[in-house]
Structure formats: C-alpha cells, structure tokens
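Worksheet: the structure to be examined is printed underneath.
Throughout, protein chains are lettered first and strands after them, A, B, ... in sequence-line order, and every chain is numbered starting at 1. Keep in mind that this is a model prediction, so the values were computed, not measured.
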Amino acid sequence: MRLYDTWSRSLVELPEPPGPVRMYFCGPTVYARAHIGNARPFVVGMWLRAWLRANGYDAELVHNITDINDKIYDAAPGASAELAARATQWYLDDTGDLGLGMPDHLPRATDSVPAIVAFIEELIAHGHAYESGGDVYFSVASHPEYGRLSGQRPDQVEQGEEPTALKRDPRDFALWKTNKPATEDTWWDSPWGRGRPGWHIECSVMAEQIYGPAFEIHGGGLDLVFPHHENEVAQSHALGHPFAQIWAHNGMLRFTGEKMSKSTGNVATIRDALEQWGSETILVFFLTASWRKPIDYSEETMRQAAARRDTLRNAFTLEPAPVEEERWRAFVVTLDDDFDTPAALAVLHEWATVGQLELLRRGLAIFGLESLAEREEAPPEVRDLAERRARARTERDFETSDRLRDELGALGWEMRDEPGGGYMLVRRA
RNA sequence: GGCGCCUUGGCCGAGUGGUUAGGCAGCGGCCUGCAAAGCCGUUUACAGCGGUUCGACUCCGCUAGGCGCCUCCA
C-alpha cells in the first residue's frame, strides 16, 4: 500500500504487513462542539486503521486532545478546565456516534506536562531553545532544516502582530508560556516558573510518549502543515529523533451551503450533522472525496450522499449472487493506491449492481457501514398494518390499501410489493 | 509579498497521450392497481489561449477563476 507524503511530496510505499503502522492524527482543541470538518482526520485515521488491520497490519492510532490552549481560556474565563473536560466529552460522544469505534489512545495535553517539561529541558540543553522572561522559545536558527515540511521560506513568513521582544528571532515559537494570572486559570510548575506548554510541543511529546522517537504516519488537516507540524518536526528532529516517516494531510472541508460560512461562525457541528443526516450518510459523504482533496459540505452534497446510502442499502433486498472472491481484488487495488475511497465506492456500487452482497457487506464494514447490510425486523404493529394492507390489495380495495401504506410511512416503514401478493418491509432512514 | 493546491457533463466525483469510472438528479421504457425498489436506455464533459505531438481532456507555458496556509484553525 502507498500513501501520499507531504514531507517527500510523493507516494510512499508502506512496509509489508504486519508493519507495524503506528499513526498519530492531530485531534481537536476542546473549547466548543467540534464542527463537521473536525471529523475528517478522525474518520480518515479510523478508516486507515481498519483497512490496514484487515490486511494483516499491526496498526495503531493515537488521536490527541488539546486541552490547554488560548481558545479555552477565552471561552471560559475562570473555568477553563471545566470547559475543556466538558468539550472533551462532547468530542468523544460525537465521534463515537459516527460508529467507527475509537482510537487506541486519546492522550490529553494536561496529562503530559511533566514529559513536556523534560522535552523542553533537553531542547535547551542542546542549544535549540532558550528561556526568556519565563517563556521558552525554540530557536529556529539552530535548526537549518526548518521549513522543509511546509516549503515556507523563513524570510518571507509574515510577521505576527504579537510583540516579539522576548524572542531572539521573530520566527522563533513558544515551547512554554509564562502564566498570565488575569486570563489564565490553569498553570503548571516548571524550571522557568508557573506556566503552560505551547501547542506544538504538546503533540511532539504525546506522540513520542506513546510510540517512542520514531513512528510511521503523522496525520492531520492540511491547515496544520504550517506552523504546527513544521514546528513539531523541528522539535523532534532537533533532538535527533526520526519522528514520523509519512506525513498524511487531509484536505479541508468547505462549508458551501448558503446558510453556512466559517467567517460568520455559522457552521454545522458533528452533532448537527448527526442529527440532520445520521452517521451513515456522513460516512458515505466522506467516502465520495479523496482524503487529500477538499470536500464541500452543503445541503445538496449531503442529500446526494443520503441517496447513495439508500442505493447501497437497497442492494441487500435483492437476491445475492454466488460469491466471486476474486472480485475483492478490485477493491484492494483502489485502497492500496493512496486510499482512493471514491474509486472504492465505485467498486461497492458495482458489487451492489451485480449482487455480490457478501463482498459488499465486507467492503462496507471497512468504512463502518456494515449497518447498511442489516435488515431491521418490523415491530408487531407494523406487521399488522402490512397484513391488513396486503389483504386490502388482494380484495382490490386500493383506497384502504393506499391509506394503510401512508400509515406505515408515518411509522417510518416502507412496504415494497412483490409479484404474487408478497411484500417486503423496509425501514426508512 | 511568500509557500502550496484546485478548475471534468445539471450536481458530486474517478481516470487515461489515441478504446470516455461510478453515483445522484433529469428524461423515456419495462415492472406495478398506483407507487416504491429493481432493470434497460438516454442526456454533444474535460476553464480559456498558445505550444509539443501523427494525435491532448491527459505533457509544457501563459491567462482567468476558486481555495488553504503564512506562529497557536482538523
């Protein structure tokens, strides 16, 4: 299997099974309900893990929770820890309801502070960082490789608006920030006084705490390439750690519906999407685009995803054809080639058309969509209505028949007539 | 100003130097009491302009439009 790697800007072949393939995908900063775009790295990470495991890999996924951050302080003055805890639970609930299971590890920044302090001390000892007024900064000039991941030219980087008096070089970034009592109600002790870690160092440390200094895949949104991942790789490489072999960056989700825009802050949360469309439609939606490309979230694109979901589910009401195991190969080819889910989806549709239901079920299961293969048993009152309608039809009392069909519809059930008076009851999503 | 990405038929989205994925929607038909589901058929696609080539949607250049990032947005 090969995957596109941002570092080398090329497709990189994964080692042969069983690997291992250790993956670290950047998770959310917990200060509010995560929006649907935040679900993409989670979904991609979980799908990759499932696919790798199905192919005999020893695959593992770490997804971190950033629970120390300015946004959290801003959102809940005086109660930031409580908000972070609550928002962490929201995220776990929301992603859990996607039905993909959970990553192997969900480390919190707040649990890693001693390790972060130790990592920073080592950077200082090696001359890659310096203390300044209670803050500690990474010295970009000490690391000539800086900028390689993102391709940014340090001399062209736009300067931030923050006063940089404490930095030796405006490009330097914070590893540790001294506590500001007026706005920050959490802090940790360190050799440089009370403070808190910077964002980038949290991820370097959490990844290495679990995997050690080298692992296979580091994932996250394309918007994190610079500065977040550039800084992570600088911190770890500066200490001679190999860190990630492959950098996998997922494309951004765009809100293109009329009612939504990120600038107005009016965006759908994962919870909103779950309530409006359900997990199956969300997963099919993510399947329709390559993981590296942008994907548009709108009423129209979601409606289409829902229609696709129905098409796939309807396949299971048909007579299955004898399993042709060799057809599985077509699916493997698509996913082993940079995890091309749109192509894989086309294969699933092909199987649906020709009645390869066992393969279809197995393929859907990779993406957490095995529920599409399940038929829900109708409750007694629904079966009773259906029987009455069947009788009315037999007696050619179509007025009663149509009325009963409407009643079934109101209960969320669809009655599909078959030749010879038989019928099938199908749950409408 | 810098780094990078994208532009395929009504919509979404693969793909290849010459044989045109897939889905949704639309239209016609079969089936049905009528539907639904399914099946069959169907709708002059590759932003524009140059160049390379026997031949480009596919390679190169330019233009236009869109998007991401530029120190704490997945």
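Separating the NZ atom of Lys293(A) from the C1' atom of C5(B) is a distance of 10 Å, rounded to the nearest angstrom.
Asn250(A) comes within 4.0 angstrom of a base, heavy atoms only. Note on Gly27(A): only backbone sugar-phosphate atoms sit closer than 4.0 angstrom, heavy atoms only; bases stay farther off. Leu253(A) comes within 4.0 angstrom of a nucleotide base, judged by non-hydrogen atoms across all strands. Within the 4.0 angstrom heavy-atom criterion, only backbone atoms of the sugar-phosphate kind lie near Thr29(A); the bases stay farther away.
Take Pro41(A) and apply the side-chain contact (heavy atoms from CB on, under 4.5 Å) test, not counting sequence neighbours, and it matches Phe25(A), Asn250(A). In this structure, the side-chain hydrogen bond (donor to acceptor under 3.5 Å, both in side chains) partners of Ser10(A), at least two apart in sequence or on a different chain, are Ser8(A).
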B/S/- contact track for nucleotides 30-43 of chain B, protein heavy atom under 4.0 Å: ---BBBBSSS----
Would you list the atom pairs, donor with acceptor, under 3.5 Å between side chains in residues 73-81 of chain A and any protein atom, with sequence neighbours excluded?
unit_1, atom_1, unit_2, atom_2, d
Tyr73(A), OH, Thr186(A), O, 3.3
Tyr73(A), OH, Thr186(A), OG1, 2.7
Ser80(A), OG, Asp185(A), OD1, 2.4

Could you list the donor-acceptor pairs under 3.5 angstrom formed by side chains in residues 395-403 of chain A, with sequence neighbours left out?
unit_1, atom_1, unit_2, atom_2, d
Asp397(A), OD1, Thr400(A), N, 3.2
Asp397(A), OD1, Thr400(A), OG1, 3.1
Asp397(A), OD2, Thr400(A), OG1, 2.4
Ser401(A), OG, Arg389(A), NE, 3.2
Asp402(A), OD1, Arg405(A), NH2, 3.4
Arg403(A), NH1, Glu407(A), OE2, 2.9

Donor-acceptor pairs under 3.5 angstrom involving side-chain atoms of residues 99-108 of chain A: please list them, not counting sequence neighbours.
unit_1, atom_1, unit_2, atom_2, d
Asp104(A), OD1, Arg49(A), NH1, 3.4
Asp104(A), OD1, Arg53(A), NH2, 3.0
Asp104(A), OD2, Arg49(A), NH1, 3.0
Asp104(A), OD2, Arg53(A), NH2, 3.3
Asp104(A), OD2, Leu61(A), N, 2.7
His105(A), NE2, Glu60(A), OE2, 2.9
Arg108(A), NH1, Leu106(A), O, 2.9

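To the nearest whole angstrom, the two C1' atoms, one in A47(B) and one in C54(B), are 27 Å apart.
A salt bridge does not link Lys177(A) to Glu184(A): none of the charged nitrogens lies less than 4.0 Å from a carboxylate oxygen.
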